[in-house]
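Scroll down for the structure; my scribbles are underneath it.
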Amino acid sequence: MATQVGAAVISPSAGLGHDRLGHAPTYLVRSALVATFTLVSVLTLRADAKGTHGLPAVGTAEERSPAAV
């Protein structure tokens, strides 16, 4: 459903941009939006639910074993 909603929002705005600005400026605007959202995602999203950002686990092997969970 998110894909359909995204397409419904992006398609008209892209068409309007092509009509008013042309292909190249519309492409640059959309590229800037993608870069902005990517940067915000890199800075705000965590690697996992615990917030370790991909760092190795701390503790002994027994504490990290699946049997200990």
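- A pairwise comparison of heavy atoms in Ile10 and Arg30 identifies CG2-NH2, 3.2 Å as the closest pair.
- Between Pro12 and Ala7, the closest heavy-atom pair is CD-O, 4.0 Å.
- Between Leu43 and the options Leu45, Val40, Leu39, a side chain to side chain contact (heavy atoms under 4.5 Å, CB included) holds for only Leu39.
- One distance of note links OG1 of Thr38 with CG of Leu33; it measures 10.5 Å at 0.5 Å rounding.
- Nearest heavy atoms, Pro25 versus Leu21: CG-O, 3.5 Å.
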